[in-house]
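The block underneath contains the structure these notes are about, expressed in structure tokens.
Note: hydrogens, waters and symmetry copies are ignored here, and every other heavy atom, side chains too, is used. Every chain is numbered from 1, with letters handed out A, B, ... down the list of sequences.
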Protein chains: 2
Amino acid sequence: MKRNRISIKDISKALGLSNTTISFILNGKAEEMRISAQVAEKVLAYVKEVGYTPNYLARGLVTGKTNTIGFIVESIGNPFFSQIASLIEEQAYNSGYKIIYSSTNGKQEKALELIRMFRDRGVDGYIICPTDGLAEEIKQLREENRSIVLFDRYLPSVVAHYIGIDNERAMYEACKHLADGGKKNIAMVTTDSEQTQMISRLAGYQRLLKETGLQSHVLQVPYDDIKQRLQPDFESFIKNNPTIDAICFATNYLAIGSLEIMRNLHISIPDQISVVAFDDNEVLRLFQPGITAVEQPLEEMAKLIIDRLLLDLKLGKVTEKTVHKELPARLIIRASSL
Amino acid sequence: MKRNRISIKDISKALGLSNTTISFILNGKAEEMRISAQVAEKVLAYVKEVGYTPNYLARGLVTGKTNTIGFIVESIGNPFFSQIASLIEEQAYNSGYKIIYSSTNGKQEKALELIRMFRDRGVDGYIICPTDGLAEEIKQLREENRSIVLFDRYLPSVVAHYIGIDNERAMYEACKHLADGGKKNIAMVTTDSEQTQMISRLAGYQRLLKETGLQSHVLQVPYDDIKQRLQPDFESFIKNNPTIDAICFATNYLAIGSLEIMRNLHISIPDQISVVAFDDNEVLRLFQPGITAVEQPLEEMAKLIIDRLLLDLKLGKVTEKTVHKELPARLIIRASSL
DNA sequence: CTGAAAGCGCTTACAG
DNA sequence: CTGAAAGCGCTTACAG
């Protein structure tokens, strides 16, 4: 097919040297192999002249390395993920690594396929925002000595690096901010997902209730069918819990969807109901009134993820001791919770 | 290194067959090669049992195909790009192709590096949202017989497939909508970029002025320094052009940034100034008042891009006749322009 | 200082 | 119906 590309062989032939010599020079091992500076220079000049670039497929086949990292997110269309993806891409790029993203859309099946495709493609490391049911596959990756960092949520049964935030505390503080403001009936709108970050956020809410003795009002929208169910479920939740004077949303899409519904119902924020959302973004900032939100330290997370992965990659093997890091989040207070 | 993976050789040895036979069966050529059904079944069963998956690197090395498409966007953090990326990913996935994204952030240098890295990685096709200065590189890709689709903007000097929208007409209609509403001093806020889509949008604005005899008010924010310059430039533009009663924004980030500034200046929309934005998104929809916006047909664009690329890939060579498709956009009218 | 040769895991003419 | 063998473009012991 496209066999017009120049190869090491072509170079060695043209210059009357061996493939070995060319390869060493190309890989910066000229000095180490004590190749004369003249030869090295000549080769480099020629390489530049003819515009040779190595075939990474061939290189990967023999070295087992591709300088590529697979990044599995829930949905690249979600600003939280596209922002962190953007940051991770940049960090990785600066270290000579490329990122391949893909979205699971929360589906275990798709996630499994993606992991397998990344493995087949020979990625060096994995950054995974796991769906449910991924435990076995990830355990196996670890057994095969592959570098993995879990992100946003983890799998309790799997020993692996994890970088995220302290969700329990973040939600506790968000709710406490509402209670401190005199709210008496604080509701929590979340999903029925069993993902760790969701469990922790709910736990933060419950801790506040326990401490303050306030009553619980929880709406769990079915994770698999949020688009369809949010509106009817949220509307009847509001109707059936008329005492609610504040709501904490466990995700940004729940918040944004509900804010639109509240607007249509002419519920005044914060006069009738105060609101706090999870994951800050432009919509929440520009909403009228501005929406108080828990902000995750994206830049720091991106850095920790990449550093950890590159370290493992450099060590060349999976470390026994895994990192489980929960960064503090920050509550950005805006008019919606005053 | 990680040489624990099973290979075709292992299978052929275990089953007492040749690599050839295994390879044919694995590639669905069993019937074509008239391999007995029993043998084929036995091989498939064994493959499944031991969990063999082919090494795509090796396969790619010999076939020259990787079933991967490189997608170069301006910024994956921009909702316009993350949305279309999401759609393209899905379409490609359904056809057995994987997408590798990366962002140029508008930098020619980064774009060149990305194209080269994609080439080195052996992607089968390229979807490129080009920056300036990419003409030579893309011409060369075409000469090397690689499949390319340009998207969002094109390069006038390069013959290549292009899928986008009719920007001139879209902006013309957006402005006409304002003029029809009785606006007398319609401003255009754009960048100084020479990218085709920006030129066309400006041209649409100018056509309306010409038709109606209205006066021109154009602000061009420096593309390379929008973050720093938007606020001061926009504020003095408003101050120096007090007659303005409507503004068309040429991009979503210009619109969103300016809306925030207008809010801080207590400019009432649409009472004092009507507003139309380009590229719809959640922020514009939920802004108070809702912002009228030009919506691009993302789904249709994604489909056209992938279909075109796959067709070229199937034909196995670059078609002489290139497609240059400009889809119609749709104006979504909201309160900001009433 | 440099080269000949094996091998990474596949595919595919060619031969029977 | 099936196999032996060459080759894709690299890297890397090994030898001198």
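Stem analysis of DNA chain C (at least three stacked-register Watson-Crick or G-U pairs, each with both distances under 3.5 Å) gives C:1-3 with D:14-16, C:5-12 with D:5-12, C:14-16 with D:1-3.
Of the residues in residues 33-50 of chain B, B:M33, B:R34, B:I35, B:S36, B:V39 come within less than 4.0 Å of DNA chain D through at least one heavy atom, sorted by number.
One atom, CG of B:L61, and another, C1' of C:dC8, lie 9 Å apart when rounded to the nearest Å. The NZ atom of B:K65 sits 16 Å away from the C1' atom of D:dC8 (whole-angstrom rounding). In this entry the distance linking CD1 of A:I22 with P of C:dA5 reads 18 Å, nearest Å.
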Give every donor-acceptor pair under 3.5 Å between a side-chain atom in residues 103-111 of chain B and any protein atom, sequence neighbours left out.
{"unit_1": "B:S103", "atom_1": "OG", "unit_2": "B:I76", "atom_2": "N", "d": "3.1"}
{"unit_1": "B:T104", "atom_1": "OG1", "unit_2": "B:V73", "atom_2": "O", "d": "3.4"}
{"unit_1": "B:T104", "atom_1": "OG1", "unit_2": "B:G106", "atom_2": "N", "d": "3.0"}
{"unit_1": "B:Q108", "atom_1": "NE2", "unit_2": "B:G133", "atom_2": "O", "d": "3.3"}
{"unit_1": "B:K110", "atom_1": "NZ", "unit_2": "B:S103", "atom_2": "O", "d": "2.7"}

Considering only distance and modelled atom types, tabulate donor-acceptor pairs under 3.5 Å from the side chains of residues 33-42 of chain B, sequence neighbours left out.
{"unit_1": "B:S36", "atom_1": "OG", "unit_2": "B:V39", "atom_2": "N", "d": "3.3"}

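For residues 67-80 of chain B, every residue pair satisfying the salt bridge (charged side-chain N to carboxylate O under 4.0 Å, His left out) rule, not counting sequence neighbours, is listed here: B:E74-B:R153.
Looking at heavy-atom distances under 4.0 Å, A:G122 makes no contact with the nucleic acid at all. Within 4.0 Å (heavy atoms only), A:L17 reaches sugar-phosphate atoms of the nucleic acid but no base atom.
Using a 4.5 Å heavy-atom cutoff, the side chains of B:Y46 and B:L15 are in contact. Between A:I115 and A:L134 there is a side-chain heavy-atom pair separated by less than 4.5 Å. With contacts defined as side-chain heavy-atom distances shorter than 4.5 Å, the pair B:Y162/B:V149 does not qualify.
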- Query: Can you give one letter per nucleotide of nucleotides 10-16 of chain D, going 5' to 3': B for a protein heavy atom under 4.0 Å from the base, S for sugar-phosphate only, - for none?
  - Reply: BSBB---
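Ring planes of B:F151 and B:F80: parallel class, angle under 30° (limits at 30 and 60°).
Separation of atoms CD1 (B:I69) and CG (B:L309) is listed at 4.5 Å; rounding is to 0.5 Å.
Across the P atoms, D:dT12 and C:dC1 are found 22 Å apart, a figure rounded to whole Å.
Taking both residues in full, the closest heavy atoms of B:S147 and B:D312 are given as OG-CB, 3.6 Å, listed atom of the first, atom of the second, then distance. Residue A:F118 comes nearest to A:Y101 through the heavy atom pair CZ-C, 4.5 Å, listed as atom of the first residue, atom of the second, then distance.
B:T21 and B:S18 form a side-chain donor-acceptor contact under 3.5 Å, judged by distance and modelled atom types alone.
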